[in-house]
2 protein chains.
Amino acid sequence: MSDIDLSDRKKQILYQAVEDYIENASPITSGAMVQKSETTLSSATLRNELNALEQMGYLKQLHTSGGRVPTTKGYRFFVNTIKDNCRADLDGLMKIKSVFEQRTINLSELIKVVAEKISEVTDYPTIVSLGGIDKLEILSIKIIPLMTNQALMLIQTPRGLLNNTLELEQSVDEQSCIDAGRVLTNKFAKMTIGEMVDNIVTKHQEIIQELNEYAGFFEYVLQSLVGLTKKYAQNGVYSKGATKLLKNPEYQNVEQAKEILQLLEDKEELKNLIDDDSDDEIEFSIGDELCDERLSDCTIAKAHCKINGENIASVGIIGPKRMDYAKISGALKFIVDEFNKPDLLETSKNNKKGDQYD
Amino acid sequence: MSDIDLSDRKKQILYQAVEDYIENASPITSGAMVQKSETTLSSATLRNELNALEQMGYLKQLHTSGGRVPTTKGYRFFVNTIKDNCRADLDGLMKIKSVFEQRTINLSELIKVVAEKISEVTDYPTIVSLGGIDKLEILSIKIIPLMTNQALMLIQTPRGLLNNTLELEQSVDEQSCIDAGRVLTNKFAKMTIGEMVDNIVTKHQEIIQELNEYAGFFEYVLQSLVGLTKKYAQNGVYSKGATKLLKNPEYQNVEQAKEILQLLEDKEELKNLIDDDSDDEIEFSIGDELCDERLSDCTIAKAHCKINGENIASVGIIGPKRMDYAKISGALKFIVDEFNKPDLLETSKNNKKGDQYD
DNA sequence: GTTAGCACTTTAGGAAAGAGAGTGCTAACA
DNA sequence: TGTTAGCACTCTCTTTCCTAAAGTGCTAAC
């Protein structure tokens with residue numbers, strides 16, 4: 001898959017052809033390429049070359065006398081070529097930068113704003129999926145009594161507060177809650193949420209004994225943890241700008257647009273689509289590569305944002321295969337880099353203005 | 001606007017005509033009405049009557065030899081007529097009922113699920129706007145110290161917990177927080193959030209003196225309250241099923257669909273559209289009545305859900321003017337009634353499973 | 001290896017024609 | 001006076017046909 005069979009001239013012609021098609025959405029023709037003086041060759045020679053590229057699977061004709069459009073293989077060649085050569089919309093990206101610099105914002109809010117801005121800059125629907133809470137380290141656990149047999153469980157993590165309500169059999173006093181929180185903190189601090197859940201399942205009896213007089217609370221905590229995990233899983237996907245798809249000529253037919261718009265409404269499906277454990281920071285999945293009938297004419301650009309090497313959010317941009325790869329690549333690269341800056345973590349950890357998960 | 005100029009026969013014909021049009025989406029013709037034996041009159045007589053109804057502004061012809069379609073006035077007549085005669089999709093509504101009976105759900109979650117189910121039952125996009133937090137009564141205020149100069153402010157209300165972070169200059173100990181919470185509770189309990197904010201603005205100095213050694217906290221609370229109000233205003237709109245619009249023949253053209261889908265993505269605009277202080281529980285705004293160019297071919301059905309006479313949420317259903325008014329009316333009435341049941345308030349107040357606002 | 005020239009193919013768009021649907025009007029009828 | 005049959009008229013929708021335009025592939029010459 002290294003395009004090694006392509007002569008330099010073919011590579012250049014193919015690159016120009018795909019670039020043209022992305023810009024104009026009208027099939028590539030030998031005549032047009034000569035007219036735009038993208039080559040010194042004659043249209044006849046170009047025809048030969050285009051024909052050869054078609055034989056090799058990089059282009060295809062819609063009908064005999066029409067021009068050619070890129071195949072997935074053609075787009076793939078193009079994407080691999082521009083990879084390190086992305087174009088950035090500086091004005092738009094500066095707007096995003098100001099969001100990152102605004103220290104008063106919390107992480108989940110930041111993610112939302114990023115999705116909005118990216119969608120604005122790229123003019124494509126943008127999806128953001130927050131990483132699960134499983135890998136978050138527990139810093140402390142607090143229990144706050146509320147009225148009528150309820151209490152609030154707060155779990156502090158390096159990335160903000162998690163909260164969920166406990167359902168008690170009887171009301172409890174303030175001091176017991178404080179004490180129970182301390183005991184739970186001692187037991188579970190430094191573990192991740194995931195490890196805590198594991199521990200609870202595998203060492204249930206053991207822990208109950210250890211917790212002594214606060215074992216009663218433990219059952220409620222257990223109950224609440226299930227709710228917590230569910231709650232944060234559901235709220236972890238955010239999408240913006242779905243209707244921007246309709247600006248593209250490939251979705252002028254409602255039937256074609258409907259399927260993808262429906263997909264964009266289904267958070268669960270979106271999550272599956274965006275989440276993956278690729279090591280690449282930025283990756284493009286083009287058409288058939290997505291292995292989803294509905295998306296056979298789409299490309300999804302994904303960026304995996306990491307803080308301290310840990311995946312904290314994935315950003316996806318969905319559009320027609322004929323999307324502006326260079327611009328999108330630039331925008332995603334910018335985001336990934338912003339997350340990689342060491343001081344963002346500082347901001348996130350010692351955030352002056354409440355870094356909360358909700 | 002009382003349709004008093006209509007003979008009984010005209011009323012019946014008009015009703016049938018609109019009903020037909022809603023069902024079939026094809027213009028009303030004298031021939032079709034006779035064929036469906038909706039009348040014992042001849043097609044010629046029907047033609048006279050339809051012509052008269054057109055002169056009176058209830059119907060209009062798209063072109064000379066086509067059939068007629070209802071005008072806004074025609075739909076308005078129809079809606080007024082079916083008002084107390086709505087049809088319910090029992091199967092679908094029973095699904096919603098089970099959500100109401102599920103006592104473990106909190107109010108904002110309930111609202112979301114209701115929007116989803118209504119959208120499913122009616123097959124139209126559905127919008128839910130939660131009432132503001134201004135009118136919520138304060139039951140108690142708690143302050144919880146967090147790490148590194150932060151604290152969490154919790155305000156208990158009859159409809160769940162509000163929370164926001166306080167930014168402190170220096171860290172504080174647990175006991176001071178508990179005490180500060182008590183003092184704030186004594187001062188502000190029984191007021192509404194709105195009143196609390198008013199008080200803070202108008203009696204700033206007075207309160208600071210009163211709060212004595214906890215006056216320091218007060219400044220932070222003030223700061224946090226602004227954030228709180230903003231936060232809950234932004235999260236108060238929820239919409240579901242936007243792409244369901246595309247199922248309707250009137251949106252087979254992307255240009256027509258685009259505007260409304262864009263509108264459905266803009267939470268702020270949706271909020272303005274759905275919120276109003278009408279006394280009617282259920283109301284329909286048809287086409288021009290909405291006074292919005294983009295919505296001139298739409299109808300919005302709104303229901304105002306009240307608990308104890310206070311507006312707690314508005315539900316809006318948006319669709320083409322040719323929407324199934326009887327079915328939608330039935331669904332909305334069902335929802336409003338469920339909210340009106342006295343025991344929902346109980347559920348909401350003494351909810352066993354944490355009735356939280358987030 | 002490149003290119004000019006030409007025949008061939010296919011689409012897009014418009015004009016023309018005919019069928020079908022529906023109305024309005026007139027005149028007859030109860 | 002209200003109702004209805006009948007008919008001419010209008011308008012749309014579909015089909016068919018035609019032409020222009022665009023683009024290719026192939027061949028032969030350079």
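Atom set for the values below is all heavy atoms of this structure, side chains included, hydrogens, waters and symmetry mates excluded. Just so it is clear: chains get the letters A, B, ... in the order the sequence lines come, proteins before strands, and each one is counted from 1.
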Q. In whole angstroms, how far is the P atom of dG24(C) from the CG atom of Asn51(B)?
A. 4 Å
(Q) Let me confirm one number: the CD1-CD1 distance from Ile300(B) to Ile328(B), rounded to the nearest 0.5 Å. (A) 11.5 Å
Q: Rounded to the nearest 0.5 Å, what's the gap from CE on Met56(B) to CZ on Phe77(B)? Could you check?
A: 10.5 Å
Q) Counting only heavy atoms not in Glu293(A), do more than 12 fall under 6.0 Å of its CD? A) no
(Q) Assess whether a salt bridge exists between Glu250(B) and Lys321(B), defined as any Lys/Arg side-chain N lying under 4.0 Å from an Asp/Glu carboxylate O. (A) no
Q. Using 4.0 Å as the upper bound for N to carboxylate O, is an ion pair formed by Glu281(B) and Lys302(B)?
A. no
(Q) In this structure, how many angstroms lie between the P atom of dA21(C) and the CD atom of Gln61(B), rounded? (A) 17 Å
Q | Between dA22(D) (P) and Met33(A) (CE): distance, integer Å | A | 19 Å
Q: Tell me whether the OP1 or OP2 atom of dA21(C) has a side-chain N or O from Arg68(B) closer than 4.0 Å.
A: no
Q) Excluding sequence neighbours, so at least two apart, what forms salt bridge (charged side-chain N to carboxylate O under 4.0 Å, His left out) with Asp266(A)? A) none
Q: Determine whether the side chains of Thr71(A) and Lys60(A) contain a donor N or O and an acceptor N or O closer than 3.5 Å.
A: no
Q | Carboxylate-amine/guanidinium contact Lys10(A) Glu49(A), below 4.0 Å | A | yes
Q. Stems in DNA chain D: runs of 3 or more consecutive Watson-Crick or G-U pairs, distances under 3.5 Å?
A. C:1-30 with D:1-30
Q.
Protein within reach of the bases, or only the backbone? For nucleotides 1-15 of chain D, mark each nucleotide 5' to 3' as B, S or -, using heavy atoms under 4.0 Å.
A. --SBBB---BBS---
